[in-house]
Amino acid sequence: MSETRSMMGTEVSVELWATDPERGRAAQRAVLAEFHRLDEMMNPWNAQSLLAKINRRAFDDAVPVTPELIEVIQRSLYYSRLSGGAFDISFAAAGRYYDFREGRVPLASELAVAGPAIDYRQISVDSTAQSIRLGHREMSLDLGGIAKGYAVDRGIRILTDAGIESAVVSAGGDSRILGNLGDRPRMIGIRHPRKEDQYVVVIPLEDTAISTSGDYERFFERDGVRFHHILDPETGDSARKVRSASVIAPLAIDTDALSTTVFVLGVEKGLALVNSLPGVDAIIVDGEGKLHYSQELLLSTTE
């Protein structure tokens, strides 16, 4: 059984196997309802969302939030510290000046204003009071690099609680696989970053998550330069060291954040980070289209 909806700025799909069709449909509805609830909470473009409220008010006063937002922002800050700022949800201070439909990039003056506001160290989380405070008036948060992964994990939890043993929950480039196809693992393809109908690699996966960040999702080209939505927090410009980065790990919240992080860091620093993390693997397509594998994955493919 499979169902797809447009949410969280992408296509959300719930594919599962169930012996009872009604139970399967009920589980799908529950997962999609959870995605909708989280989208309403974490969508920065929805003026009524809690995240939008943080962006409007959290410099002047601490904004009370939900446990879900606390969890996602705390995990975001963990990856910011781990990567030395390559992952930073305050990139939105520059990101708001881009318009990929109209082909607009920020002016130098706009980036000058945004630069000091891109600093994860100025995001304060009070777990006891369940509130968020921002340390710069121009600061703006965007959870696009982690919220979908969090929602995918929540979806898998709903399915397992419902007794589902074989499923895939996906949100754009973020997927988590539950179980297998009975006698074999599911085969998951990583899209070719320049050929939409082709894969650069197909790998067998079960009971794990995979996320891919690519420069082909939202972009435009000007004078031979590709501007896309994955920004380097250090510059406010599109990161251009690689074409795509895919990360495999147990949880989608981690693969979502890490695929963005590795994309920004590039091949050498990205693989060094992944190789330092137990149970995490990566596949990177560099600027020339060459494939690079993390250490454990490289060993498994050559055995």
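Note that these values count all heavy atoms, side chains included, but never hydrogens, waters or copies made by symmetry.
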Does this structure show an ion pair linking Glu102 with Arg222, if we count only N-O contacts that are shorter than 4.0 Å? no
For the residue pair Arg240 and Phe227, would you count it as a cation-pi contact if the rule is NZ or CZ under 6.0 angstrom from the ring centre and within 45 degrees of the ring axis? yes
Using every non-hydrogen atom in the two residues, find where Gly172 and Thr10 come nearest and quote the distance to one decimal. CA-OG1, 3.1 Å
Take Ile73 and Leu143 through the side-chain contact (heavy atoms from CB on, under 4.5 Å) test and state the conclusion after the steps. CA-CA 8 Å; Ile73 292 176; Leu143 299 174; 4.3 Å; yes
Residues Glu138 and Arg96 bridged, charged N to O under 4.0 Å: yes
Between the side chain of Thr208 and the main-chain N/O of Ala249, is any donor-acceptor distance below 3.5 Å? yes
Treat each ILVMFWY residue as a node, draw an edge where side-chain heavy atoms are under 4.5 Å apart, and state whether Phe91 and Leu82 are in one component. no
Rounded to the nearest 0.5 Å, what separates atom CG in Asp119 from atom OG in Ser90? 6.5 Å
Let me check something: do Leu265 and Val267 share a hydrophobic cluster, defined by ILVMFWY side-chain heavy atoms less than 4.5 Å apart, either directly or through other members? yes
So, the side chain of Thr212 versus the backbone of Ala245: is there a donor-acceptor pair under 3.5 Å, distance only? no
Hey, any chance Ile284 and Val200 share a hydrophobic cluster, counting ILVMFWY side chains that come within less than 4.5 Å of each other, even indirectly? no
Write down the atom of Ala162, the atom of Arg23, and the distance for their closest heavy-atom approach. O-NH1, 3.6 Å
So with a 6.0 Å cut-off around CD of Gln198, is the heavy-atom count from everything else above 12? yes
Would you say His136's side chain and Ile123's backbone share a donor-acceptor pair under 3.5 angstrom? no
Residues, nucleotides or ligands: over 12 heavy atoms within 6.0 Å of His36 NE2: no
Is it the case that one hydrophobic cluster holds both Ile230 and Val262, taking links as side-chain heavy atoms less than 4.5 Å apart, direct or via other members? yes
Would you mind writing out the side-chain donor-acceptor pairs for residues 182-191 within the sub-3.5 Å range, not counting sequence neighbours?
from, atom 1, to, atom 2, distance (Å)
Arg186, NH1, Glu15, OE2, 2.8
Arg186, NH2, Ser166, OG, 3.2

CA sep, side-chain torsions, deciding dist, call: Ser127, Gln74, side-chain hydrogen bond (donor to acceptor under 3.5 Å, both in side chains): CA-CA 9 Å; Ser127 300; Gln74 283 183 324; 2.7 Å; yes
Would you say Pro233 and Val264 make side-chain contact, with heavy atoms under 4.5 Å? yes
Between Ala94 and Pro106, what is the shortest heavy-atom contact and its length? O-CG, 4.2 Å
Asp281 versus Ser294, side-chain donor and acceptor atoms under 3.5 Å: yes
Where the side chain of Asn180 meets the backbone of Glu206, is there a donor-acceptor pair that is under 3.5 Å apart? no
Apply side-chain contact (heavy atoms from CB on, under 4.5 Å) to residues Leu273 and Leu258 and explain how you reach the verdict. CA-CA 9 Å; Leu273 174 61; Leu258 279 169; 4.1 Å; yes
Taking 4.0 angstrom as the limit, do Glu71 and Arg154 come out as a salt bridge? no
If you take all heavy atoms of Pro21 and Thr19, which pair is closest and at what distance? CD-O, 3.5 Å
Within a radius of less than 6.0 Å around CZ of Phe100, do more than 12 heavy atoms belonging to other residues, nucleotides or ligands occur? yes
Might you work through the salt bridge (charged side-chain N to carboxylate O under 4.0 Å, His left out) test for Glu22 and Arg29, ending with a clear yes or no? CA-CA 11 Å; Glu22 186 50 44; Arg29 289 193 295 268; 3.2 Å; yes
Tell me the closest heavy-atom pair linking Val72 and Tyr150, and the distance in Å. CG2-CG, 3.5 Å
Are the side chains of Thr260 and Ile146 in touch, meaning some heavy atoms are under 4.5 Å apart? no
side-chain hydrogen bond (donor to acceptor under 3.5 Å, both in side chains) between Glu40 and Ser49: does it pass, once the steps are laid out? CA-CA 6 Å; Glu40 291 285 294; Ser49 73; over 6 Å; no
Can you hop from Tyr216 to Leu231 via hydrophobic side chains spaced under 4.5 Å? no
Checking the side chain of Asp126 only, and the main-chain atoms of Ser131 only, is there a donor and an acceptor separated by less than 3.5 Å? no
Can you pull the salt bridge (charged side-chain N to carboxylate O under 4.0 Å, His left out) pairs that have at least one residue in residues 47-67, sequence neighbours excluded? Asp60-Arg137
How long is the span from the CD1 atom in Ile248 to the CD1 atom in Ile203, to the nearest 0.5 Å? 3.5 Å
If we ignore hydrogens and angles and just use 3.5 Å, is the side chain of Arg218 paired with the main-chain N or O of His228 as donor and acceptor? no
Please answer whether the main-chain N or O of Gly179 pairs with a side-chain N or O of Asp207 as donor and acceptor at a distance below 3.5 Å. yes
I'd like to know whether CD of Glu288 has more than 12 heavy-atom contacts from other residues, nucleotides or ligands below 6.0 angstrom. no
Verify side-chain hydrogen bond (donor to acceptor under 3.5 Å, both in side chains) between Asp254 and Tyr79, making sure each step is shown before the conclusion. CA-CA 9 Å; Asp254 298 318; Tyr79 281 113; 2.8 Å; yes
Would you compute the distance between atom NZ of Lys269 and atom OG1 of Thr261 and round it to the nearest 0.5 angstrom? 13.5 Å
Drop me the distance from Asp161's CG to Arg157's CZ, to the nearest 0.5 angstrom. 6.0 Å
Joining Ile, Leu, Val, Met, Phe, Trp and Tyr whenever any side-chain heavy atoms lie under 4.5 Å apart, the cluster holding Val152 also takes in Met1, Met7, Met8, Val12, Val14, Leu16, Val31, Leu32, Phe35, Ile156, Ile158, Leu159, Ile164, Val169, Leu178
May I ask you to check whether Ser13 and Glu3 show a side-chain donor-acceptor distance below 3.5 Å? no
The test is side-chain contact (heavy atoms from CB on, under 4.5 Å); show your working for Tyr98 and Asp237 and say whether it passes. CA-CA 10 Å; Tyr98 285 86; Asp237 191 10; 3.7 Å; yes
If you measure from CG on Asp256 to CD1 on Ile210, what distance do you get to the nearest 0.5 Å? 12.5 Å
Leu134 CG to Asn55 CG distance, which is reported to the nearest 0.5 Å: 7.0 Å
Working for side-chain contact (heavy atoms from CB on, under 4.5 Å), residues Asp215 and Phe263: CA-CA 9 Å; Asp215 65 3; Phe263 190 101; 3.9 Å; yes
For Glu217, does the CD atom sit with more than 12 other heavy atoms under 6.0 Å from it, leaving out its own atoms? yes
Kindly give the heavy-atom pair with the smallest separation between Gly149 and Asp174, and that separation in Å. N-OD2, 4.3 Å
Of Lys148, Arg75, Arg176, which is the lone residue that meets salt bridge (charged side-chain N to carboxylate O under 4.0 Å, His left out) with Asp153? Arg176
